[in-house]
Amino acid sequence: MDNLEYSDAPAVSYLNSPEGIPFDGRSYALYDPNFKIYDSFTINFQMKTFAADGLLLWISDPLPDSSFTIEIQNRQLIARAVARGQPYSVRTSFTKNRLCDGAWHFIQIRLDGSSLVMKVDKRQYTKTETRVHSVDMRGPLFIAGHSEKYSPTYLSVRTKQFFHGSVRHLKINDNPVEWLAPRSTTITSDYYHLTSTILSTTSEQGDLTSPNVDGHSREQILAAAN
């Protein structure tokens with residue numbers, strides 16, 4: 001990460017407030033600079049938006065060409081996994097504007113090897129990819145967008161927009177996430193490239209750090225809460 005972006009500590013926002021954390025379509029939060037998914041991953045959250053497109057979550061590991069993405073595209077919610085270059089996804093099938101209506105929606109998504117299960121309110125969507133036998137990836141886990149040091153491929157991310165709306169009551173692998181620290185970015189709506197990969201080098205990845213609260217890391221706070 002460049003020094004300019006992280007020269008000032010970001011403001012911490014809490015996810016359990018009734019209004020959640022607002023994202024303006026030009027900001028993102030780094031949950032973990034070195035998050036690992038090995039075969040299984042579960043996320044629960046509530047979100048509300050009026051925007052028809054937006055990136056909600058993204059993690060990518062360029063070495064085995066693997067990634068996991070949650071995004072809104074054309075008013076439909078999509079969860080997409082790429083395992084060693086093999087993509088598979090689940091997508092809602094709302095016939096009306098039921099997702100991007102400014103109301104809170106309950107989302108649960110589980111990746112379990114070759115299986116993807118997504119629940120949106122009371123509807124469930126599933127996908128099994130028989131060509132995938134295991135999932136193994138490690139990289140920065142971003143919420144609502146990503147740093148300008150990264151450029152997702154079209155195989156990973158289809159929407160051109162960051163998330164514009166609010167998120168609350170986030171759980172990752174059944175661990176409640178109490179707070180995030182949104183950061184502004186200068187990325188334009190045409191941030192992705194069809195053939196590009198992550199632009200940052202290994203040394204730049206080492207500069208990614210999760211924000212602290214009162215001198216304590218996210219890991220220390222979560223451990224104390226458990």
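Just so we're clear, the structure is a prediction, and the values are computed from it rather than from any experiment.
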Atom [atom1] of [X] and atom [atom2] of [Y]: how far apart are they, to the nearest 0.5 Å?
X	Y	atom1	atom2	result
His169	Glu178	NE2	CD	10.5 Å
Tyr28	Leu55	OH	CG	12.5 Å
Phe142	Arg183	CZ	CZ	9.5 Å
Leu155	Ser66	CG	OG	10.0 Å
Ile70	Leu56	CD1	CG	6.5 Å
Gln73	Lys160	CD	NZ	10.5 Å

* Decide side-chain contact (heavy atoms from CB on, under 4.5 Å) for Ile21 and Leu170; before the verdict, give the C-alpha distance in whole Å, the side-chain angles of both, and the deciding distance to 0.1 Å. => CA-CA 10 Å; Ile21 297 180; Leu170 174 64; over 6 Å; no
Taking only residues at least two apart or on different chains, which pairs with a member in [range] satisfy salt bridge (charged side-chain N to carboxylate O under 4.0 Å, His left out)?
range	value
residues 68-84	Glu71-Arg80
residues 44-55	none
residues 161-177	none

* Identify, with sequence neighbours excluded, every residue that meets side chain to side chain contact (heavy atoms under 4.5 Å, CB included) alongside Pro22. => Ser166
Could you report the tightest heavy-atom contact between [X] and [Y], atom names first, then the distance?
X	Y	answer
Val135	Val132	CG2-CG1, 4.2 Å
Ala52	Ile72	O-CG2, 3.3 Å
Arg91	Gln76	NH2-CG, 3.7 Å
His164	Ala51	O-CB, 3.9 Å
Ile59	Phe35	CD1-O, 3.5 Å
Thr159	Val157	O-CG1, 3.6 Å

The criterion is side chain to side chain donor-acceptor pair (under 3.5 Å); which residues satisfy it with [X], sequence neighbours excluded?
X	value
Asp39	none
Ser89	none
Asp136	Lys36
Ser156	Trp58, Ser67, Thr69

Any heavy-atom pair between the side chains of [Y] and [X] that's under 4.5 Å?
X	Y	result
Leu30	Pro140	yes
His146	Phe162	yes
Leu141	Ile172	yes

* **Common cluster, Phe41/Ile78, ILVMFWY with side-chain heavy-atom separation under 4.5 Å** => no
* Could you tell me whether a side-chain N or O of Asp61 sits under 3.5 Å from a main-chain N or O of Arg138, the two making a donor and an acceptor? => yes
* Has the side chain of Arg158 got a donor or acceptor atom that lies under 3.5 Å from a matching backbone atom of Tyr154? -> yes
Which pairs would a plain distance check flag for residues 103-118, meaning a side-chain donor or acceptor within less than 3.5 Å of a matching protein atom at least two apart in sequence or in another chain?
residue: His105; atom: ND1; partner: Asp121; partner atom: OD2; Å: 2.7
residue: His105; atom: NE2; partner: Arg98; partner atom: O; Å: 2.9
residue: His105; atom: NE2; partner: Leu99; partner atom: O; Å: 3.3
residue: His105; atom: NE2; partner: Asp101; partner atom: OD1; Å: 2.8
residue: Gln108; atom: NE2; partner: Asn44; partner atom: OD1; Å: 2.9
residue: Arg110; atom: NH1; partner: Thr42; partner atom: OG1; Å: 2.7

* Asked: Is it the case that Thr185 and Glu148 place a side-chain donor and acceptor less than 3.5 Å from each other?
  -> yes
* **Within residues 80-103 or reaching into it, pairs that qualify as ring pair (Phe, Tyr, Trp, His ring centres under 6.0 Å) - sequence neighbours excluded** => none
* To do: Return the set of residues passing ring-ring contact (aromatic ring centres under 6.0 Å, His included) with Phe163 (not counting sequence neighbours), or none when no residue passes.
  => none
